[in-house]
Amino acid sequence: MVVSSTNPHNKEIAIRRRIASIFNKREDDFSSLREYNDYLEEVEDMTFNLIEGIDVAAIEAKIAKYQEENAEQIMINRARKAEELAAALAASKGQPAQTDNDVAANQNSQGGIGAVPQGQYAPTFAGGQPRPTGMAPQPLPLGGGDMLSYAADDEEIMKLRAERGARAGGWSSEISRKRALEEAFGSMWVC
């Protein structure tokens with residue numbers, strides 16, 4: 001397969017993805033690190049030659065032969081990669097990795113992948129401590145948490161609090177005025 005593209009970067013990406021999906025062996029598939037490194041070097045040489053257009057017909061024939069001889073291993077490695085990606089995705093969402101039996105059980109009972117019954121704990125991504133999946137109490141704001149006390153404050157104190165809060169966040173009225181003027185005058189054209 002020859003990828004024709006106007007952008008050489010896109011061509012390289014397409015070739016590398018294609019080669020990686022075919023030559024997808026891992027270090028544990030080899031008896032020694034030396035064999036694995038030789039395999040990686042051979043794959044990189046083929047990839048480079050395809051990208052540069054060097055001896056493309058011979059490399060394509062070599063790829064086709066490899067695919068034919070190793071079709072089962074290629075499919076096993078693709079499935080293994082898909083399972084690892086699914087487990088990583090589930091872990092990033094804070095859900096435990098699931099087997100096919102777990103998926104079937106969840107679909108039959110609670111309506112979907114990764115559903116955790118109410119009141120039970122699910123492991124966190126960081127590992128170790130479980131976290132509750134139900135409604136957790138919300139933290140109270142500083143100052144006692146009584147929002148009604150703000151209503152009793154007069155307008156001057158509220159204005160002072162807002163100004164101090166804005167300054168603490170890095171905002172100032174001078175910056176806002178300057179930006180407004182720059183935007184206003186920046187949109188004007190003099191002919």
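Numbers here are sequence positions counted from 1.
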Q.
Which residues pass the salt bridge (charged side-chain N to carboxylate O under 4.0 Å, His left out) test with Arg80, not counting sequence neighbours?
A. Asp28, Asp29
(Q) I'd like to know if Glu12 pairs up with Arg16 as an ion pair, taking the criterion as any Lys NZ or Arg NE/NH1/NH2 lying under 4.0 Å from an Asp or Glu carboxylate oxygen. (A) yes
**Q.** With sequence neighbours excluded, residues passing side-chain contact (heavy atoms from CB on, under 4.5 Å) with Arg34
**A.** Ser32, Asp38
Q. Above 12 or not: heavy atoms from other molecules or residues under 6.0 Å from CD of Glu156?
A. no
Q. Is there a side-chain contact between Ile19 and Ile63, using heavy atoms and a 4.5 Å cut-off?
A. yes
Q: Enter the distance from Met75:CE to Gln73:CD here, rounded to the nearest 0.5 Å.
A: 11.5 Å
Q) How many angstroms lie between CD1 in Ile15 and OG1 in Thr47, if you round to the nearest 0.5 Å? A) 8.0 Å
Q.
Is the ring pair Phe23/Tyr39 parallel, tilted or perpendicular, if the boundaries are 30 and 60 degrees?
A. tilted
Q. Distance from Leu160 atom CG to Arg164 atom CZ, nearest 0.5 Å?
A. 4.0 Å
Q. For Glu41 and Asn37, what are the C-alpha separation, side-chain angles and deciding distance, and is it a side chain to side chain donor-acceptor pair (under 3.5 Å)?
A. CA-CA 6 Å; Glu41 187 173 347; Asn37 286 335; over 6 Å; no
**Q.** Non-hydrogen side-chain atoms of Lys25 and Val43 separated by less than 4.5 Å
**A.** no
Q.
On a heavy-atom basis, which atom in Ile22 and which in Tyr66 lie closest, and how many Å separate them?
A. O-CE2, 3.6 Å
Q. Is it true that Phe30 and Leu33 fall in one hydrophobic cluster, defined by side-chain heavy atoms closer than 4.5 Å?
A. yes
(Q) Once rounded to the nearest 0.5 Å, what's the spacing between atom CZ of Arg161 and atom CE of Met158? (A) 7.0 Å
Q.
Among residues at least two apart in sequence or on other chains, which ones pass side-chain hydrogen bond (donor to acceptor under 3.5 Å, both in side chains) with Gln67?
A. none
Q | Interatomic spacing from CD in Glu35 to CG in Leu40 - rounded to 0.5 Å | A | 12.0 Å
(Q) Would you say that more than 12 heavy atoms from the other residues, nucleotides or ligands in this model lie under 6.0 Å from the CZ of Arg17, or not? (A) no
Name every donor-acceptor pair, under 3.5 Å, that has one atom in a side chain of residues 49-58 and the other anywhere in the protein, sequence neighbours excluded.
| residue | atom | partner | partner atom | Å |
| --- | --- | --- | --- | --- |
| Asn49 | ND2 | Asp45 | O | 3.4 |

Q | Residues forming a ring pair (Phe, Tyr, Trp, His ring centres under 6.0 Å) with Phe48, sequence neighbours excluded | A | none
Q | Any donor-acceptor N/O pair, Asn24 side chain to Asn77 backbone, under 3.5 Å | A | no
Q) Glu42: what forms a side-chain hydrogen bond (donor to acceptor under 3.5 Å, both in side chains) with it, not counting sequence neighbours? A) Lys62
